[in-house]
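This report concerns only the one structure given below.
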Amino acid sequence: MNTIDATAGMLIVGAGQAGVQAAEALRSGGYAGPVTLLGDEAHGPYHRPPLSKAWLAGEAEAAQLVMRSAEALARKGITLRSGVRVQSLDRAARRLRLADGSVLAYDGLVLATGARPRRLALPGADAIGVHLLRGRDDADALAAGLAACAERQAPVVVVGGGVIGLEVAATARKKGLAVTVLEAAPRLLGRMLAPALSDWFADLHRAHGVQLELGVALAAIETEQGRAVAVRASDGRCWPCGLVVVGIGVEASDELAAAAGLACERGIVVDDCARTEDPAIAAAGDCTVRRLADGSLLRLESVNNATEQGKCAAAALLGRPRPFAGTPWFWSDQYDRKLQIAGLMAGADLHVPRGDRQASSFSFWHFRAGRLLAVDTVNAAREHLLARKLLDAGRSPTPEQAADTGFDLNTLLASASIAAPVSGNLS
Ligand code: FAD
């Protein structure tokens with residue numbers, strides 16, 4: 001990749017986690033030309049994870065959502081333009097056209113356009129009272145809807161037993177609302193967790209009073225005067241509701257890239273250095289899908305992925321490509337439990353529990369052919385960090401060592417030069 005000359009500067013489309021990281025990494029990487037962050041939301045960059053947790057529960061201040069203020073970005077020489085939608089991309093001319101008709105030239109471009117929630121393809125899916133959750137405006141509308149349900153003592157139906165649906169269910173239960181979760185698959189968090197941990201989460205939600213229905217095929221959302229009043233399954237069962245929250249996954253916002261002829265397969269295809277096939281364009285975060293060395297495609301939707309790929313995108317445009325480093329990680333908060341995932345468990349042939357699932361904290365260690373692939377911890381932040389260090393260092397306990405709580409896993413790092421044992425309060 002050629003080093004970009006600084007006349008038109010760097011443009012970043014999408015002022016979210018990946019976009020902000022890319023902008024800041026361009027600066028910290030020594031880029032001296034103009035850097036402009038373009039975002040179509042009215043708000044400046046903010047953290048999304050609290051939207052289904054503390055913010056939705058009314059337990060966070062607006063200031064805690066702010067990722068970077070326009071002033072903080074300006075101090076780094078980054079121009080933030082909010083409320084600006086990029087309409088099209090002309091790769092030959094290296095230009096972006098904005099929704100207001102204006103045109104911006106670029107030397108280097110980062111696409112960090114994120115993802116949008118998938119909609120239900122059912123009658124009634126667009127009724128009043130059917131909520132999706134991606135942005136701050138969605139969260140505020142949902143919070144108002146939950147407050148109205150609390151006032152009318154109307155039940156909440158969550159469609160989708162994935163992370164977003166379950167976090168919203170937990171928050172709604174905290175507010176004392178009656179909650180039903182409807183999941184099409186036979187278990188919760190099925191794409192993410194081993195069956196035993198899925199079952200543990202199902203028990204957790206039931207213990208908190210959630211009505212959980214698994215293996216449900218939905219037929220329609222019933223409406224009265226345009227408002228959702230019940231969710232009906234194809235077997236005739238019906239759950240009355242004051243509102244419906246749909247959390248059935250996301251679709252990458254890759255239309256800008258696709259229309260400009262960049263390869264897209266359920267996301268903008270990038271290599272492990274966040275490069276597209278156009279040397280002037282990198283892409284990062286939820287809008288991407290990563291081509292791995294074996295040709296397969298990896299899609300990750302997490303703060304960690306957006307952060308790391310944002311940095312990779314900047315490095316690529318600076319002519320110093322570097323691959324995505326480190327073990328992927330993720331977290332989710334439900335009630336007083338923090339699930340943390342280190343690594344990717346796809347392909348695991350052995351899931352080893354460590355610690356007692358009835359206790360306040362425990363973990364699951366996932367292996368393939370005896371090698372550690374991933375670790376899921378519940379309320380065990382120190383073990384999560386230790387697992388990341390082991391995976392980063394390519395160290396693997398044996399399944400027997402992982403199962404034995406008397407075995408000090410730190411000793412596996414002792415001979416690795418990369419890390420000191422994990423200690424201290426890391427919750
Ligand atoms: P985004 O943050 O979505 O930013 C993309 C931005 O680009 C958006 O503002 C979008 O409006 C804008 N945009 C799109 N198209 C255009 C255009 N044409 N012109 C201008 N702007 C455009 N991850 C975790 O790891 N842990 C969690 O606990 C967790 N909780 C979450 C809770 C919720 C409710 C949500 C929604 C997500 C959560 N995530 C969590 C996921 C995490 O927030 C995302 O993976 C991360 O925000 C992705 O960052 P991004 O920059 O790729 O995309």
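In this text the structure is predicted, and so the values were computed from the model without any measurement. Heads up: numbering here begins at 1 and tracks the sequence. Both ligands and their constituent atoms are indexed starting at 1 by order of listing.
One finds no salt bridge joining Glu24 and Lys311 here, because no Lys/Arg side-chain nitrogen approaches an Asp/Glu carboxylate oxygen to under 4.0 Å. Asp333 has a carboxylate O that lies under 4.0 Å from a charged side-chain N of Lys338, or vice versa, which qualifies the two as a salt bridge. With respect to Lys389 and Glu383, no salt bridge is recorded, no charged nitrogen being found less than 4.0 Å from a carboxylate O.
Of the candidates Leu89, Leu51, Ile164, Ile164 brings a heavy atom nearest to atom 35 (C) of ligand 1. Residue Asp40 holds the heavy atom nearest to atom 13 (N) of ligand 1 of all those in Asp40, Asp138, Asn305, Ile341. Closest to atom 2 (O) of ligand 1 by heavy atom, among Arg134, His43, Arg48, is Arg48. Taking each of Ala252, Pro49, Ala112, Pro45 in turn, the one with a heavy atom nearest to atom 5 (C) of ligand 1 proves to be Ala112.
Below 4.0 Å from some heavy atom of Asp286 lie the following atoms of ligand 1, by number and element: 44 (C), 45 (O), 48 (C), 52 (O). Of all the atoms in ligand 1, the ones that sit under 4.0 Å from a non-hydrogen atom of Gly16 are 2 (O), 4 (O), 51 (O). Heavy-atom contacts of Val84 reach the following atoms of ligand 1: 19 (N), 20 (C) (cutoff under 4.0 Å). Applying the 4.0 Å criterion to heavy atoms of Gly285 picks out, from ligand 1, the atoms 52 (O).
The closest donor-acceptor contact from the side chain of Thr171 to the backbone of Glu167 lies under 3.5 Å.
Residue contacts with ligand 1: Gly39 is included, with a non-hydrogen atom under 4.0 Å away. Glu255 does not count as a contact of ligand 1, since none of its heavy atoms falls under 4.0 Å from the ligand. Heavy-atom distances between Val13 and ligand 1 reach below 4.0 Å in at least one pair. Not close to ligand 1: Val250, with no non-hydrogen atom less than 4.0 angstrom away.
Within the 4.0 Å heavy-atom criterion, the part of Glu41 lying near ligand 1 is the side chain and not the backbone. Contacts between Lys53 and ligand 1 below 4.0 angstrom, taking non-hydrogen atoms only, involve the side chain exclusively.
The closest protein non-hydrogen atom to atom 50 (P) of ligand 1 is Ala18 N, 4.0 Å.
Here His205 and Tyr335 bring their ring centres to under 6.0 angstrom of each other.
For the atom pair OG1 of Thr327 and CG of Asp392, the computed distance is 3.5 Å after rounding to the nearest 0.5 Å. Rounding to the nearest 0.5 Å gives a distance of 9.5 Å between CG of Asp272 and CD of Gln309.
The distance criterion of under 3.5 Å between nitrogen or oxygen atoms is met by Ser302 with respect to ligand 1.
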